[in-house]
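Letters A, B, ... mirror the listed sequences (proteins, then strands); counts begin at 1.
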Protein chains: 2
Amino acid sequence: MFELDVRSRKPIYEQLVERLKELIITEVLSADEQLPSVRTLAQQLTINPNTIQKAYRELESQGYIYSIKGKGSFVSPATPNLTSEKIEKVKNELSKLLSEAIYLGITKDELIKLIQKIEAAVGGGVEDDQNP
Amino acid sequence: MFELDVRSRKPIYEQLVERLKELIITEVLSADEQLPSVRTLAQQLTINPNTIQKAYRELESQGYIYSIKGKGSFVSPATPNLTSEKIEKVKNELSKLLSEAIYLGITKDELIKLIQKIEAAVGGGVEDDQNP
DNA sequence: TTAACTGTACTATGAATCATAGTACACTGC
DNA sequence: GCAGTGTACTATGATTCATAGTACAGTTAA
């Protein structure tokens, strides 16, 4: 479920944040579902509990999960709250990447297809399940 | 022209790489145009020449610029050569960011508009100018 | 040729970050 | 109480980042 590259230049905790975000966004992890405990996950991945904690802290600050002392960490049910500022940031990163993609020869049509594919997979977050 | 944040967690040389890529992609810097020398730019930005060199080396390895000993560093005229592998990497990053964007509530229509806007600004790198 | 520029390649140093180890405390649920 | 949970520290070693300094090779114009 987690593929970590310990010799990557990208910090382990960042890899964890990315991977968990992915699982939450694609709804592999459902809302209010309990995540593995800091110690359990650390043991599974044979890394330090502090590293897990750092990833969880980051995810919580970004609104993707919430933690309750003594109980555990859980997937946030709704869209993160940091919306406006966060959205600007994502749009900004997206603009840079899209420019690079076009520069590298990826066509507009390809990009639109990519969006449609992803939208179908993610489902726009909120959906009524009227079109199964 | 260059806005560097020395206290950012993002390394200075990475900020430089990003910014220069942006200027090249948007054709603010033309093909074969000479970049400031390592020492000159370092003096202008009041940072170490080694940091500039690291950024230039990275840009050269990615195919965005080329350097000639004794002459200088110049903007590469064509699309980078690392295409296939590089394209896969960009597509991968793009997928993650697009998923996050959709999750944050940005609609497919907004994303398509963003693409069109960027495509107009960048021009797709190679164009026949048949549709002005 | 000389002088002044260019890129490039080293070594060394200090600061910051990352991951680890270990300890401790507060809370929950059985 | 006890075993689980999150959380907050300190400390240490490895790595990365940016700096300073030196050196060498190539280009260009005086």
Chemist: On the nucleotide D/dA18, are OP1 or OP2 found under 4.0 Å from the side-chain N or O atoms that B/Asn50 carries?
Modeler: no
Chemist: Nearest whole angstrom, please: distance from the P of C/dA15 to the CZ of B/Arg7.
Modeler: 19 Å
Chemist: Please state whether the phosphate of D/dT5, meaning OP1 or OP2, lies under 4.0 angstrom from any side-chain nitrogen or oxygen of A/Thr40.
Modeler: yes
Chemist: Round to a whole Å and report the spacing from NZ of B/Lys10 to P of D/dT16.
Modeler: 19 Å
Chemist: Measuring to OP1 and OP2 of C/dG7, would you say a side-chain N or O of B/Tyr56 lies under 4.0 angstrom away?
Modeler: no
Chemist: Measure the spacing between CG of B/Leu98 and NZ of B/Lys96 and express it to the nearest 0.5 Å.
Modeler: 12.5 Å
Chemist: From CD1 of A/Ile12 over to P of D/dT15, roughly how many Å is that when rounded to an integer?
Modeler: 13 Å
Chemist: Pick the nucleotide of DNA chain C nearest each of A/Lys69 and B/Ser73; which residue has the one closer to the 5' end?
Modeler: B/Ser73
Chemist: Could you state the atom-to-atom distance from NZ of A/Lys54 to P of D/dC9 in whole Å?
Modeler: 15 Å
Chemist: Within this structure, what is the CG-to-P distance between B/Asp5 and D/dA18, rounded to whole angstrom?
Modeler: 11 Å
Chemist: Kindly say whether, by distance alone, the side chain of A/Arg39 makes a donor-acceptor pair under 3.5 Å with the base of D/dG4?
Modeler: no
Chemist: What is the nucleic acid contact for B/Gln34, judged by heavy atoms within less than 4.0 Å: base, sugar-phosphate only, or nothing?
Modeler: nothing
Chemist: Test your reading of the model: is there a side-chain donor-acceptor pair from A/Thr107 to the backbone of A/Glu110, 3.5 Å cut-off?
Modeler: yes
Chemist: Which of the following nucleotides, D/dC17, D/dA8, C/dA19, is nearest to the side chain of A/Gln53?
Modeler: D/dA8
Chemist: Counting distance only, does the side-chain N/O of B/Glu58 pair as donor-acceptor with the main-chain N or O of B/Val17 below 3.5 Å?
Modeler: no
Chemist: Choose from D/dC17, D/dT7, C/dT8 the nucleotide whose nearest atom is closest to any side-chain atom of B/Val38.
Modeler: C/dT8
Chemist: How do A/Ile68 and A/Arg9 order along DNA chain D: which one's closest nucleotide is nearer the 5' end?
Modeler: A/Ile68
Chemist: Could you check whether atom CD of B/Glu60 has more than 12 heavy atoms from other residues, nucleotides or ligands sitting under 6.0 Å from it?
Modeler: yes
Chemist: If I take atom CG in residue A/Leu41 and atom C1' in nucleotide D/dT5, what distance separates them, rounded to the nearest angstrom?
Modeler: 14 Å
Chemist: Do B/Leu20 and B/Tyr64 make a side-chain contact, defined as non-hydrogen atoms from C-beta onward lying under 4.5 Å apart?
Modeler: no
Chemist: Any side-chain N or O of A/Thr51 less than 4.0 Å from the OP1 or OP2 oxygen of C/dT20?
Modeler: yes
Chemist: Between D/dT28 and B/Lys71, is there an OP1 or OP2 to side-chain N/O distance shorter than 4.0 Å?
Modeler: yes
Chemist: Send over the distance from B/Ile47 CD1 to C/dA15 P, rounded to a whole Å.
Modeler: 20 Å
Chemist: If you compare every side-chain N and O of A/Ser67 against the phosphate oxygens of D/dT7 (OP1, OP2), does one of them come in below 4.0 Å?
Modeler: yes
Chemist: How close or far is atom C1' of D/dA20 from atom CD1 of B/Ile52, stated in whole angstroms?
Modeler: 15 Å
